[in-house]
Amino acid sequence: MSISLTKLNSAVTLVTALFFTSCQETPRVSGPIENRVDSLLALMTLEEKVGQLTLFTSDNDVTGPTIRENYKGDIKAGRVGAIFNAFGADYTRKLQEIAVKETRLGIPLLFGYDVIHGHRTIFPMPLAEAASWDLEAIEKSARTAADEASAEGLHWTFAPMCDVCRDPRWGRIVEGAGEDVYLGSKIAVARVKGFQGNGIGELNSVIACVKHFAAYGASQAGRDYHTTDMSDRVLREVYLPPYKAAIDAGAATVMTSFNEIDGMPATGNKYLMTDILRKEWNFNGFVVTDYTSIMEMIAHGVAEDTSAAAALAIEAGVDMDMQAGFFNDALVTLVKDGKVKETLIDEAARRILKTKYELGLFNDPYRYSNPERQKETVMKPEFLEASRDVARKSIVLLKNDKQLLPLSKNIKRLAVIGPLANARKEMIGSWSGAGDWNKAVTLLEGIKAGVSPSTQVLYAKGCNINDDSTNLFAQAIQTARQADVVVLAVGEGAWMSGEAASRASLDLPGVQQKLVEEIQKTGKPIIVTLMNGRPLTINWIDKNIPAVLECWFLGTQSGHAIADVLFGNYNPSGKLPVTFPRSVGQIPIFYSMKNTGRPMDPNNKYTSKYLDESNDPLYPFGYGLSYTSFEYGDLALSLPSMTSGDELVVSCKVTNTGKYAGEEVVQLYVCDKVGSVTRPVKELKGFQKISLQPGDSKNVEFKITNNDLSFYRKDMSFGSEPGAFVVFVGGNSREGKKGEFVLR
Ligand code: NOJ
C-alpha cells in the first residue's frame with residue numbers, strides 16, 4: 001500500500017509527538033494510554049497492524065525448530081513488532097534502531113526471551129525451587145532475573161510456566177512447580193510478582209508470560225507436544241487454577257500451548273482463549289502463541305493451509321504469532337476478502353501497542369538497552385548469594401540412616417565420585433538461556449571449598465552420564481576404597497529434561513546404577529547426591545544407600561549449596577513438590593487421587609491395586625527430612641462445626657525434638673468426605689515454613705474458610721457443600737495429625 005508524502009510526513013510528525021507525550025503535551029495524543037493507542041492505530045495500514053501481531057526469533061539463540069533468515073529485513077519492512085532470543089544492551093539497541101529509524105511509523109520493538117530460572121546468574125530449576133516451599137525466596141529469584149534481563153534490553157520473559165504436571169516422563173516437569181494445584185498457584189503468583197516487580201514499566205522489571213495455556217502438563221504418556229484430553233471438571237479444578245492465579249496477580253501476557261484439548265489445539269481454541277481467559281477471567285493483556293504453533297495446526301489436522309490456520313488462531317483469541325509467520329502471510333488477504341474482520345486485527349494490535357506504551361517504549365525505545373546499567377547489574381555478588389540461598393533451600397533430604405549427614409568438615413579422606421561430581425556444564429540445568437555454565441560451581445569444587453584444609457578430597461568420574469562404558473569403574477572403586485566417606489553424584493544430564501526431553505524410563509541413565517552398586521560393595525559410608533530434572537525411580541538406592549540428597553539442578557552456585565548441606569552449614573528443609581514413583585507403571589501417581597469404589601485391600605484380590613507393584617509411591621508429595629526431628633502435637637479446632645461465613649482455625653504445636661536448629665514446612669490438607677461428585681482423598685490447603693531452635697515449639701495456625709472447601713459441584717457451579725470434613729496437619733502428604741469438623 002502506498003502512502004502520499006504529505007500523509008507520511010504528518011504521520012511521522014504525529015508519531016514523533018507520541019514518543020514524547022510525557023515531556024511535550026500534544027493535544028491530539030495526550031490522556032490515557034488507550035487514547036494514544038487509538039491515535040496511533042488510526043495511522044496504521046492493515047499491513048503495519050499485522051506486523052505488530054508478529055514475533056520472530058533472532059539468530060542469537062535457538063529455541064525451536066525454525067529460524068527466520070532475514071529477521072532484520074522483516075523489522076525494516078514493518079513485518080514484525082516483537083523479537084525474541086535477542087538480548088544484550090548493544091544488540092537490542094541495534095535492532096531497536098532499525099525499527100525506530102527505518103520503519104515508516106517508527107514503532108519500537110518488544111524484546112522477549114525465555115528467562116526461566118535466572119538470566120545471567122542462574123538459579124535452581126523451577127521444580128527445584130518449588131521444593132523450597134519458600135515463596136519469598138522464589139519471588140526474589142524471579143526479581144533478580146528480571147533485574148538482570150531488563151538490564152540487557154529485555155522487556156518480556158516467557159515465564160512462569162504454570163503447567164501442573166503429574167507425569168515425570170514429561171521432561172518439562174522441570175520447568176514448573178510440580179503436581180499440586182495449591183502450591184503451584186502460590187508459586188505462580190510469587191514468580192509473577194518477582195518478574196513484574198512494582199509494575200510494568202519499572203526499569204528493572206520484565207513482563208511475565210503465563211504458559212502454556214492450557215493443560216500442557218497433561219500431555220498423554222508424558223510425551224512432549226502430545227495430546228491432552230480431560231473432563232472440564234479436571235481442567236477447571238486441577239489445571240487452570242495456577243494460570244488463573246498468575247493472571248490475577250497481574251501477568252501481562254499468556255502463551256498458548258502445543259497440545260490439543262478436547263479435539264482442538266490450544267492455539268485455535270476459542271473456549272480457552274476467549275470464553276475462559278477473556279470473558280470469565282477478564283484478562284486484558286495479550287496472548288502469544290507458542291513457537292510455530294499456528295503452523296502446527298495443519299499437522300494437527302484442523303486447518304488445511306496457512307490461511308485456515310491463521311483465521312482459526314485470530315478468531316479463537318490469539319493476538320501474536322510466534323515464529324510461524326502465518327499472520328504475516330495470510331491475515332491481510334483474509335481481511336481484504338472479507339473472511340476475517342479487521343476489528344479482530346485492531347483489537348490484537350491495540351493490546352500489543354498498549355503494552356509497549358506501558359513499558360515506556362514510546363517515550364524512550366532504548367530505555368532498557370543501557371550498557372552501563374548492564375555492566376553494573378549482571379552477576380552482582382548479592383545475586384550470587386540469593387542464588388546460593390534458594391539453592392540450598394531447594395535440596396531435599398530423602399534418607400539419612402544413622403544420621404550419616406551432616407558430615408564432619410574434618411574427615412581425613414573424602415571421595416567425590418560420579419559423572420555429575422565435576423560436571424560444570426550440567427549444573428545450570430536446561431533452559432538457562434544467557435547463563436554461562438563456565439561460571440557454575442561443581443560439586444567437587446563446592447566440597448573442596450567446604451572442608452577443612454587437612455581433608456584430602458579424592459575424585460573419580462566412574463562413568464559417563466548416558467553411555468554403556470564401564471571402563472572407568474575400576475578407578476572409581478579404587479578411589480572409594482581409599483576414602484573414609486564417599487559422596488556419589490549421579491543422575492541425568494541437564495539436556496535430559498526440559499523441552500523435547502521426555503523419557504520412557506525413569507531409571508538412572510547409562511551404567512550409573514551399576515556404578516552405584518559397585519561402589520556400595522566397598523562397604524564405605526555413601527551419600528548419593530542426585531542431580532536430575534524429574535522424579536527418578538531409585539528404589540535400589542533407597543534400600544541400599546544410607547543417605548540420599550535430591551539436588552536437582554541448582555544453578556550457578558550448585559556446588560557451594562550442596563556442600564552447605566553436606567557439612568551442616570545449612571540444615572535441609574526442602575520438601576518434594578512432586579511424588580516419586582517406584583516404577584513408571586504407577587504413573588500417573590499423585591497424592592490427591594480419588595479413592596475408587598474398591599480402595600486397596602491387600603487381602604482382597606478384587607480391589608484397586610497392581611499384581612506386581614505397591615500402590616504407594618517411593619516418596620510422597622511434601623516429603624523431606626531434616627537433620628533434626630519435628631514432633632506434631634494433636635490438632636485443636638476452634639469450632640466443631642462451621643457455616644460458610646465462618647473461619648475455622650486449626651492449630652497444631654510443632655516441636656523441634658532433635659539437636660539441630662531447623663526449618664519445617666508444616667502442611668495442611670483437607671478431605672471432603674462426601675460430595676455430590678467424588679472428591680480427592682486429600683488436598684493441600686495451606687502451608688507454613690517455620691524455623692525452630694532445638695527444644696523449641698511453635699503453635700502453627702491455619703484458617704479454613706468456605707473457599708478452601710469449595711469445588712466444582714455436580715452442576716459445575718463452584719462452591720462448598722455441607723457435610724463432614726477431615727483435616728490433616730503434618731510434614732508430608734502421607735503422615736499427619738487428624739481432626740474432623742462439619743460444614744453446616
Ligand atoms: C517453545 C516452548 O514451548 C516455550 O515454552 C518457549 O517459550 C518458546 N519455545 C520460545 O523459546
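Remember, it's 1-based here, ligands and their atoms both numbered in the order they're listed. What you see is a predicted model, and the numbers here were worked out from it, not measured in a lab. When a residue number appears, it is its place in the shown sequence, counting from 1.
Contact annotation for Arg172 and ligand 1: only side-chain heavy atoms (C-beta onward) come within less than 4.0 Å of the ligand. Heavy atoms of Met255 found under 4.0 angstrom from ligand 1 belong exclusively to the side chain. For Thr63, heavy-atom contacts with ligand 1 shorter than 4.0 Å involve the backbone as well as the side chain. Heavy atoms of Glu175 found under 4.0 angstrom from ligand 1: none, in either backbone or side chain.
Side-chain polar atoms of Thr92 and Gln96 form no donor-acceptor pair below 3.5 angstrom. Side-chain contact annotation: Thr63 with Asn85, donor-acceptor N/O pair under 3.5 Å present. Inspection of the Thr228 and Gln220 side chains reveals no N or O donor paired with an N or O acceptor under 3.5 Å. For the residue pair Asn532 and Trp552, no side-chain donor N or O sits within less than 3.5 Å of a side-chain acceptor on the partner. Looking only at atom types and distance, the side chain of Glu148 has a donor-acceptor partner in the side chain of Thr121 under 3.5 Å away. Side-chain contact annotation: Tyr113 with Asp61, donor-acceptor N/O pair under 3.5 Å present.
Close approach of ligand 1 to His212 is summarised as follows: ligand atoms under 4.0 Å from at least one heavy atom of the residue are 3 (O), 4 (C), 5 (O). If you number the atoms of ligand 1 from 1 as listed, the ones under 4.0 Å from a heavy atom of Lys211 come out as 4 (C), 5 (O), 6 (C), 7 (O).
Taking 4.5 Å as the limit, some side-chain heavy atom of Arg373 sits within range of a side-chain heavy atom of Asp147.
Taking only nitrogen or oxygen atoms, main chain and side chain alike, Asn85 does not reach within less than 3.5 Å of ligand 1.
Using a 4.0 Å heavy-atom cutoff, Tyr216 is absent from the residues neighbouring ligand 1. The shortest separation from a heavy atom of Tyr113 to ligand 1 is not under 4.0 Å, leaving the residue out of contact.
With atom 3 (O) of ligand 1 as the reference point, the heavy atom nearest to it among Thr292, Asp290, Val115 is part of Asp290.
Because its NZ or CZ atom is both nearer than 6.0 Å to the ring centre of Tyr366 and within 45° of the ring axis, Arg93 counts as a cation-pi partner of that residue.
Scanning all protein heavy atoms for the shortest distance to atom 10 (C) of ligand 1 gives Asp114 OD2, 3.2 Å.
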